[in-house]
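Each chain gets a letter, A, B and so on, in the order its sequence line appears, and its residues count up from 1. Computed from heavy atoms alone, side chains included, the values below leave out hydrogens, waters and symmetry copies. What you are looking at is a predicted structure, and each value in this text was computed from that prediction instead of being measured.
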Number of protein chains: 2
Amino acid sequence: MTTTEAAVPSLSIGEVAERTGLSVHALRFYEREGLLVGPVQRTSGGRRRYTSFDVEWLLICVKLRESGMPLADLKHFAELVRHGPGNEAERLRLLDAHRQRVDAQIQALEECRSVIAWKVGVYAEHLARGEAGGLWDPTP
Amino acid sequence: MTTTEAAVPSLSIGEVAERTGLSVHALRFYEREGLLVGPVQRTSGGRRRYTSFDVEWLLICVKLRESGMPLADLKHFAELVRHGPGNEAERLRLLDAHRQRVDAQIQALEECRSVIAWKVGVYAEHLARGEAGGLWDPTP
DNA sequence: ATTTGATCTAGACCTCGCTCTAGATCGTAG
DNA sequence: CTACGATCTAGAGCGAGGTCTAGATCAAAT
């Protein structure tokens with residue numbers, strides 16, 4: 001013990017859950033599914049200890065998941081990183097493909113947004129006019 | 001109440017599937033789940049005939065679903081419309097709440113996008129430099 | 001020493017949103 | 001009339017992504 005603690009903080013699963021927004025269940029699930037780059041360290045008593053690298057990786061996972069990357073792709077990415085250098089081109093392809101999907105998703109959402117906003121406007125106007133106006137039903 | 005009888009072509013389920021992008025299975029499923037405003041008309045032989053109103057509504061449903069509205073909310077919206085006028089304020093709330101969620105989603109995606117784009121940049125640069133550079137692993 | 005709370009494993013279970021199957025019927029083309 | 005494809009119903013099945021349970025163990029506080 002003594003001086004080395006500050007360099008490798010080593011968090012418990014609960015602390016990691018707090019920091020990543022994932023539940024402890026999800027953390028264990030991700031590990032089982034092979035979504036982590038390396039095996040999580042354990043204490044003598046068998047409890048998980050996460051390094052800051054683990055947490056960083058998990059934060060990336062969260063971002064990728066948030067943006068709709070399937071767990072399978074995440075797993076693939078983790079495998080690539082796990083096998084070390086030499087496959088950066090593939091990692092790049094994977095990420096870039098995902099970025100493109102995200103772009104498409106943003107575009108689609110913006111289109112939806114404008115359709116919805118227009119509808120909201122229709123209803124708002126209708127209400128403002130004291131609901132006397134003609135609002136035909138299969139909502140215009 | 002509509003002006004043109006000829007403008008109500010009455011489509012089969014297959015045709016509606018084509019036009020909406022939903023499968024025939026999904027169309028029957030949506031109907032069972034009460035996601036449609038009215039009951040779909042039937043031929044004497046029991047086959048569904050969709051009006052252009054049905055199709056319009058379904059196209060709205062598709063947009064709302066695409067942007068992540070759960071079927072339960074869609075059902076609620078359909079119920080409001082089904083019960084006719086008088087609840088426009090609630091319809092407005094429902095749609096506007098969804099619009100806000102979509103906005104948040106777009107924002108989140110844009111954040112993800114920039115994180116990913118940055119990472120793509122890191123890998124690309126690394127590769128351009130002939131992968132001699134230092135790429136530490138839990139992907140920087 | 002005891003209690004309390006966090007964590008452990010393995011595996012069952014859940015929600016969501018469809019998708020598919022089976023077996024019957026309809027309707028049109030030859 | 002016969003075939004054949006589209007449609008019908010009821011209900012089972014599926015894949016994704018977790019979530020939850022049971023029963024045990026660990027670690028810290030009283």
Side-chain angles (χ1 to χ4, degrees), chain A residues 1 5 9-36 39-51 54-55 58 60-78 98 101 105 108 112, chain B residues 9-36 39-51 54-55 57-78 98 101 105 108 112:
Chain A
M1 317 190 158
E5 304 162 344
S10 179
L11 302 170
S12 74
I13 196 171
E15 291 165 327
V16 173
E18 262 180 38
R19 266 152 242 232
T20 58
L22 296 165
S23 73
V24 296
H25 296 297
L27 282 169
R28 291 193 279 246
F29 170 70
Y30 276 24
E31 188 179 344
R32 252 186 294 172
E33 294 294 294
L35 268 46
L36 301 185
V40 178
Q41 310 252 343
R42 302 297 183 113
T43 66
S44 51
R47 270 78 208 279
R48 289 171 179 82
R49 302 302 330 191
Y50 293 83
T51 66
D54 294 328
V55 176
L58 282 166
I60 292 163
C61 289
V62 166
K63 277 293 172 210
L64 292 173
R65 285 287 308 124
E66 258 179 32
S67 52
M69 182 181 282
L71 293 189
D73 290 17
L74 219 41
K75 181 173 181 173
H76 184 190
F77 191 26
H98 183 59
R101 268 175 279 139
Q105 214 182 324
C112 294
Chain B
S10 179
L11 302 169
S12 74
I13 196 170
E15 291 164 327
V16 174
E18 262 179 38
R19 267 151 242 236
T20 58
L22 295 164
S23 70
V24 295
H25 297 296
L27 283 170
R28 291 194 278 247
F29 169 71
Y30 275 26
E31 187 179 346
R32 252 186 292 168
E33 293 295 295
L35 268 45
L36 301 185
V40 178
Q41 310 253 341
R42 302 296 182 115
T43 66
S44 51
R47 271 80 208 279
R48 290 172 179 82
R49 303 299 337 194
Y50 292 82
T51 67
D54 293 328
V55 175
W57 174 254
L58 282 166
L59 289 172
I60 293 163
C61 288
V62 166
K63 277 292 171 210
L64 291 173
R65 284 287 307 127
E66 258 179 32
S67 52
M69 184 182 281
L71 292 189
D73 290 16
L74 218 40
K75 180 172 180 174
H76 184 191
F77 191 26
H98 183 59
R101 267 175 279 139
Q105 214 182 325
C112 294

* Asked: Atom CG of B:Leu11 to atom C1' of D:dT7: distance rounded to whole Å?
  -> 15 Å
* Asked: Under the salt bridge (charged side-chain N to carboxylate O under 4.0 Å, His left out) test, which residues partner B:Arg32, sequence neighbours left out?
  -> none
* To do: Quick one: list whatever passes salt bridge (charged side-chain N to carboxylate O under 4.0 Å, His left out) with B:Arg19, sequence neighbours left out.
  => none
* Starting at atom CD of A:Glu15, determine the distance to atom P of C:dG5, rounded to an integer number of angstrom. => 17 Å
* Could you tell me, to 10°, how much the axis swings from one end of the helix from C:dA1-D:dT30 to C:dG30-D:dC1 to the other, five pairs per end? => 0°
* To do: Given side-chain contact (heavy atoms from CB on, under 4.5 Å), test B:Ile13 with B:Val16 step by step and report yes or no.
  => CA-CA 5 Å; B:Ile13 196 170; B:Val16 174; 5.5 Å; no
* Structure fact -> Residues passing the side chain to side chain donor-acceptor pair (under 3.5 Å) test with B:Ser12, sequence neighbours excluded, are B:Glu15
* To do: Give a yes/no on whether any side-chain N or O of B:Arg42 is located under 4.0 angstrom from OP1 or OP2 of D:dT9.
  => yes
* Produce a footprint string for nucleotides 15-20 of chain C: one letter per nucleotide, 5' end first; B if the base is under 4.0 Å from any protein heavy atom, S if only the sugar-phosphate is, - if neither. => --SBBB
* Asked: Over how many whole Å does the gap from A:Leu27 atom CG to D:dT19 atom P extend?
  -> 10 Å
* Return the set of residues passing side chain to side chain donor-acceptor pair (under 3.5 Å) with A:Arg49 (not counting sequence neighbours), or none when no residue passes. => A:Ser10
* How long is the line joining CD of B:Gln41 and P of D:dC8, in whole Å? -> 14 Å
Side chains of residues 21-28 of chain A: which donor-acceptor partners sit under 3.5 Å, not counting sequence neighbours?
from    : atom 1 : to      : atom 2 : distance (Å)
A:Ser23 : OG     : A:His25 : N      : 3.4
A:Ser23 : OG     : A:Ala26 : N      : 2.9

* Asked: Whole-Å distance between C:dA6 C1' and A:Tyr50 OH?
  -> 13 Å
* **Residues forming a salt bridge (charged side-chain N to carboxylate O under 4.0 Å, His left out) with A:Glu18, sequence neighbours excluded** => none
* **Value in whole Å for how far the C1' atom of C:dA12 lies from CZ of A:Arg28** => 15 Å
* Asked: With a 4.5 Å heavy-atom cut-off, do B:Leu35 and B:Phe29 have their side chains touching?
  -> no
* **Sugar-phosphate only, base, or nothing, as touched by A:Arg48 at under 4.0 Å among non-hydrogen atoms** => sugar-phosphate
* Asked: Does B:Arg48 have any salt bridge (charged side-chain N to carboxylate O under 4.0 Å, His left out) partners at least two apart in sequence or in another chain, and if so, which?
  -> B:Glu31
* Measure the distance from CZ on A:Arg49 to C1' on D:dC26 and round it to the nearest whole Å. => 12 Å
* Whole Å only: how far is the CG atom of A:Leu35 from the C1' atom of D:dG17? -> 11 Å
* Structure fact -> Taking every heavy atom of B:Leu36 against every heavy atom of B:Trp57, the minimum-distance pair comes out as CA-NE1, 3.7 Å
* Asked: Of all residues at least two apart in sequence or in a different chain, which pass the side chain to side chain donor-acceptor pair (under 3.5 Å) check with A:Ser67?
  -> A:His98
* What nucleotide among C:dC8, C:dT7, D:dT7 has an atom nearest to a side-chain atom of A:Val24? -> C:dT7
* Asked: Base, backbone or nothing for each nucleotide of nucleotides 22-30 of chain C, written B, S, -, heavy atoms under 4.0 angstrom, 5' to 3'?
  -> ---BBS---
